[in-house]
Engineer: 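One structure follows; several queries about it will come next.
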2 protein chains.
Amino acid sequence: MEEYLKYSRVFKALGDPKRAMIVDMLSCGELCACMILQKFEMSQSTLSHHMKILCECGLVKAREQGKWTYYSLNKDTVNNIKQFLCDITSDKENCICRENADNCKGCDEYE
Amino acid sequence: MEEYLKYSRVFKALGDPKRAMIVDMLSCGELCACMILQKFEMSQSTLSHHMKILCECGLVKAREQGKWTYYSLNKDTVNNIKQFLCDITSDKENCICRENADNCKGCDEYE
DNA sequence: GTTTCATATTGACGCATTTCGATTTGATGC
DNA sequence: GCATCAAATCGAAATGCGTCAATATGAAAC
């Protein structure tokens with residue numbers, strides 16, 4: 001379950017449309033907070049909160065320079081969850097989560 | 001924003017570790033609800049609720065057969081969000097979300 | 001050092017989510 | 001028909017989330 005928790009934290013961060021859009025914006029390169037804020041109708045504190053969530057799950061990196069904070073996408077984290085999605089779409093012969101499949105009458109009938 | 005909402009609904013569904021695990025279980029093939037329930041310490045009503053969320057976002061398909069309901073992964077939906085992740089990790093020259101980048105003093109200084 | 005500006009933090013407010021026990025629905029078997 | 005079983009739905013409680021205004025922090029400019 002620890003493994004799933006690791007992934008789900010990132011998925012949860014992307015589970016807000018505004019955060020998904022922010023991540024998409026950052027895919028073109030680093031941006032400062034004020035630039036991101038321009039694109040949304042939200043308060044500065046709300047944006048700051050969203051950026052914190054994106055940073056805490058590892059999706060986004062923050063770089064402070066003087067007054068400004070520059071945010072960039074952490075592609076390693078994106079690749080991690082991309083790998084998870086690849087794993088679940090690849091064909092598998094057998095699977096550990098199926099080990100007790102015989103205990104289920106319904107599944108027996110189906111097989 | 002509509003586009004991001006479409007993606008974020010799926011991400012949100014994966015944003016719960018139990019649901020991420022269920023999706024992983026289904027990656028090996030169709031399973032009935034009772035089989036999934038065996039693997040978790042949760043009530044039957046709670047599982048039913050999670051399955052509804054997974055179905056409503058399009059990640060999982062339900063097939064009813066008599067008393068039993070069989071769930072399977074909808075790989076098309078997984079491939080959709082995989083494509084989004086591929087897009088944001090690919091190198092881009094320019095990006096529509098950057099169109100007003102000059103308005104930001106901070107960004108100007110940085111460039 | 002005081003002002004100004006960008007960002008973070010705090011506290012509060014509704015709203016959504018997770019969870020459960022209890023009940024309902026709908027199919028199967030007697 | 002009646003009992004049984006799988007799954008869905010309902011109602012309620014606890015927790016979490018998105019949002020804002022107000023305030024705090026901390027760097028730059030004067």
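Here is how names work: the chains are called A, B, and so on, in the same order as the sequence lines, proteins then strands, and each is numbered from 1. Quick caveat: nothing in here was measured; it's all calculated off a predicted structure. The analysis underlying the following values was restricted to heavy atoms, covering all of them including side chains, and did not include hydrogens, waters or symmetry mates.
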Engineer: Rounded to whole Å, please give me the gap between CG in B:L37 and C1' in D:dA6.
Structural biologist: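 Checked: the CG to C1' distance equals 10 Å.
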
Engineer: Taking only residues two or more places apart in sequence, or in another chain, which ones meet B:K18 in a side chain to side chain contact (heavy atoms under 4.5 Å, CB included)?
Structural biologist: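 Per chain and number, B:K18 pairs via side chain to side chain contact (heavy atoms under 4.5 Å, CB included) with A:M1, B:D16, B:F40, B:M42.
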
Engineer: Can you list everything that forms a side chain to side chain donor-acceptor pair (under 3.5 Å) with A:Q44? Sequence neighbours excluded, please.
Structural biologist: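 A:Q44 satisfies side chain to side chain donor-acceptor pair (under 3.5 Å) with no other residue.
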
Engineer: What's the spacing between B:C86 SG and B:I81 CD1 if we round to 0.5 Å?
Structural biologist: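 With rounding to 0.5 Å, SG (B:C86) is 11.0 Å from CD1 (B:I81).
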
Engineer: For B:Y4, give me all partners under side chain to side chain donor-acceptor pair (under 3.5 Å), at least two apart in sequence or on another chain.
Structural biologist: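 Per chain and number, B:Y4 pairs via side chain to side chain donor-acceptor pair (under 3.5 Å) with A:D24.
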
Engineer: Can you sort out the partners of B:K12 under side chain to side chain contact (heavy atoms under 4.5 Å, CB included), two or more places apart, ordered by chain and number?
Structural biologist: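 B:K12 satisfies side chain to side chain contact (heavy atoms under 4.5 Å, CB included) with no other residue.
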
Engineer: Which atom names give the shortest non-hydrogen contact between A:G58 and A:T77, and what distance separates them?
Structural biologist: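 Smallest interatomic distance, heavy atoms only, reads O-OG1, 2.7 Å.
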
Engineer: Go nucleotide by nucleotide along DNA chain C from the 5' end; which of B:G66 and A:T69 gets its closest nucleotide reached first?
Structural biologist: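 The 5'-side residue here is A:T69.
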
Engineer: To the nearest angstrom, how far is B:E64 atom CD from C:dA27 atom P?
Structural biologist: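 Atom CD in B:E64 sits about 8 Å away from atom P in C:dA27.
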
Engineer: For a quick test of reading the model: is some side-chain N or O of A:K67 closer than 4.0 Å to OP1 or OP2 of D:dT25?
Structural biologist: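 Result: no.
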
Engineer: So, taking the atom named CD1 in A:I88 and the one named SG in B:C28, what distance separates them when rounded to the nearest 0.5 Å?
Structural biologist: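 A:I88 CD1 to B:C28 SG: 10.5 Å, rounded to 0.5 Å.
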
Engineer: How close or far is atom C1' of C:dA8 from atom CD1 of A:I36, stated in whole angstroms?
Structural biologist: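 Taking atom C1' of C:dA8 as the reference, CD1 of A:I36 is at 14 Å.
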
Engineer: How many Å lie between NZ on B:K52 and C1' on D:dA7, as a whole number?
Structural biologist: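 My rounded result for the distance is 12 Å.
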
Engineer: Show me the donor-acceptor pairs, under 3.5 Å and distance only, between side chains in residues 45-56 of chain B and residues at least two apart or in other chains.
Structural biologist:
residue: B:S45; atom: OG; partner: B:S43; partner atom: OG; Å: 3.2
residue: B:T46; atom: OG1; partner: B:S43; partner atom: OG; Å: 2.8
residue: B:H50; atom: ND1; partner: B:R19; partner atom: NH1; Å: 3.1

Engineer: Whole angstrom is fine here: how far is it from CH2 in A:W68 over to P in D:dG26?
Structural biologist: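 Taking atom P of D:dG26 as the reference, CH2 of A:W68 is at 18 Å.
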
Engineer: Measure the distance from CD on B:Q65 to P on D:dA8 and round it to the nearest whole Å.
Structural biologist: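 It is 14 Å, rounded to the nearest whole Å.
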
Engineer: Would you indicate what B:S48 reaches in the nucleic acid, counting non-hydrogen atoms under 4.0 angstrom: base, sugar-phosphate, or nothing?
Structural biologist: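 Base: the residue B:S48, judged by heavy atoms under 4.0 Å, touches a nucleobase.
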
Engineer: Is the shortest side-chain N/O distance from A:Y71 to OP1 or OP2 of C:dA8 below 4.0 Å?
Structural biologist: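 Result: yes.
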
Engineer: Taking side chain to side chain donor-acceptor pair (under 3.5 Å) as the test, write out the residues that go with A:N79, two or more places apart.
Structural biologist: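 Partners of A:N79 by the side chain to side chain donor-acceptor pair (under 3.5 Å) criterion, ordered by chain and then number, come out as A:K82.
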
Engineer: If the sugar-phosphate is the primed atoms plus P, OP1 and OP2 and the base is the rest, what is the B/S/- string for nucleotides 11-23 of chain D, using protein heavy atoms under 4.0 Å?
Structural biologist: ------SSBBBB-

Engineer: Scan residues 55-62 of chain B against DNA chain D and write down, sorted by residue number, each residue with any heavy atom closer than 4.0 Å; if none is found, say none.
Structural biologist: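 The answer is none.
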
